[in-house]
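Only this structure's heavy atoms are used, side chains among them; waters, hydrogens and symmetry mates stay out. We count ligands from 1, going down the list as the structure has it; atoms in each ligand are counted the same way. Computed from a predicted model, the values in this text were never measured in an experiment.
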Amino acid sequence: MPAAAPIGIHDLSFATTQYALTHATLAAHNGARVAKYHQGIGQYAMSVPAADEDVVTMAADAAAPVVARHGADRIRTVVFATESSVDQSKAAGVYVHSLLGLPSAARVVELKQACYSGTAALQFAAGLVHRDPAQQVLVIAADVSRYELGSAGEATQGAAAVAMLIGADPALVRIEEPSGVFTADIMDFWRPNYLTTALVDGRESISAYLQAVEGTWKDYTERGGRTLDEFSAFCYHQPFTKMAHKAHRHLLQHCGRTVDEAEVTRAVGLTTAYNAEIGNSYTASLYVGLAALLDHADDLSGRAVGFLSYGSGSVAEFFAGTVVPGYRARLRTAANRTAIGRRTEIGYDRYRHLHERSFPCDGGDHPTPNETTGPYRLVGLADHKRLYATR
Ligand code: CAA
């Protein structure tokens, strides 16, 4: 029997919001030392959605260039991973399917498990492609991270969407087996259905994340995974970028290594360039980290990259990917930088107004102000239905 074709990430594109709040502005408002944000948690700005943006508009914005480059003929499945969805029943991906004009012969579904579900989507997609290598799966991970105003979590908000085309003979990253997986029932971070902001025990969440690093690595090595030294870089879920440093330091200690800070920075430093400006994009954050690594590293062709996906609650997965020779010609570096650079910086009052904004629940017509300059916008809510448009 011929060897199965490698499966992995054939294309990756991300989008973020119209607005940004800098941590210098946040610090000036709440009296924190800005060094706590810049050096302490490694964040410089956070993306803030305009009134007419949400996970759907960001997702369509991220996925449109992927569909434009590859066409939609082979896409029979769209998996939308999010923990900030817009409906309890309808998958947000159905709106994206419509906005992008994807074929009706497609299945669309939404996945949830905190920040982890983008990786679940990737693995489920790999399984579908394994069954039929002619098919491609559009995986979208999109989130708006929102904590209560004035809370410790406020500095770790953000928003972004990543779209990945998963297929056989991928152009960017081959996803390897095995995976190391880990689940523990922990209330470190959660959002009940009746709240619009997340609840979190900050310290508990960091230790739960580190526990998951150990758990996934144990399972990964027991299943015959690569050794630590085989990896050229590590992409970690980044609720704030210094978390990637904490996680890698913890992995080295767990493996009995002496922690050399220069080595930690070498392993994770390039993965944080975009997340430091975008903030926490939950499901998307790990793959925004991958985009930053591929855009900024010297040639990684044939090199192994480690991925640690963590979702509070908690579920985590460690897996490896091999960067495909020739990948640099397929990167979207200029577009990625533009997505971050095009944002308008807003002041604290404007940010607070947007944070507190919500649609009335009366079933009336509630148009949104025309704010975004992006290609897709949330036009409003009418008769309890969200209305979207292409600009
Ligand atoms: N100069 C330099 N560094 C400073 C400083 C200064 N003036 N002041 C403080 N710092 C450092 C602190 O030493 C600390 O660093 P270490 O952790 O390395 O010691 C860092 O800045 C943060 O300071 P605090 O711990 O005092 O900050 P805080 O109490 O305000 O809370 C937080 C930080 C817990 C991350 C909080 O923002 C939070 O709860 N965020 C949301 C939860 C979260 O992101 N958890 C991460 C793991 S869970 C996960 O990954 C899932 C997910 O996406 C949510």
task = Quick one: sort the H237 and Y209 rings into parallel, tilted or perpendicular, breaks at 30° and 60°.
result = parallel
query = Is it true that Y274 and H296 have ring centroids separated by less than 6.0 Å?
reply = yes
inquiry  = Quick check on ring pair (Phe, Tyr, Trp, His ring centres under 6.0 Å): which of Y116, W217, Y310 does F318 satisfy it with?
reply    = W217
inquiry  = For Y95, does the six-membered ring have the charged nitrogen or CZ of K90 within the cation-pi criterion, i.e. under 6.0 angstrom from the centroid and within 45° of the normal?
reply    = yes
Parallel, tilted or perpendicular: rings of F319 and F307 (30°, 60°) = parallel
ask   = Quick one: do L290 and V324 end up in the same hydrophobic cluster if we chain Ile, Leu, Val, Met, Phe, Trp and Tyr together by side-chain heavy atoms under 4.5 Å apart?
value = no
Write 'none' if nothing qualifies; otherwise put on separate lines each N/O atom of ligand 1 with a protein N/O atom under 3.5 Å away and their distance to 0.1 Å.
{"residue": "ligand 1", "atom": "17 (O)", "partner": "K246", "partner atom": "NZ", "Å": "2.5"}
{"residue": "ligand 1", "atom": "18 (O)", "partner": "K246", "partner atom": "NZ", "Å": "3.0"}
{"residue": "ligand 1", "atom": "25 (O)", "partner": "R203", "partner atom": "NH2", "Å": "2.4"}
{"residue": "ligand 1", "atom": "27 (O)", "partner": "K36", "partner atom": "NZ", "Å": "3.4"}
{"residue": "ligand 1", "atom": "30 (O)", "partner": "K36", "partner atom": "NZ", "Å": "2.7"}
{"residue": "ligand 1", "atom": "37 (O)", "partner": "A152", "partner atom": "O", "Å": "2.8"}
{"residue": "ligand 1", "atom": "40 (N)", "partner": "T156", "partner atom": "OG1", "Å": "3.1"}
{"residue": "ligand 1", "atom": "45 (N)", "partner": "S205", "partner atom": "OG", "Å": "2.8"}
{"residue": "ligand 1", "atom": "50 (O)", "partner": "H237", "partner atom": "NE2", "Å": "3.3"}
{"residue": "ligand 1", "atom": "53 (O)", "partner": "H237", "partner atom": "NE2", "Å": "2.8"}
{"residue": "ligand 1", "atom": "53 (O)", "partner": "N280", "partner atom": "ND2", "Å": "2.9"}

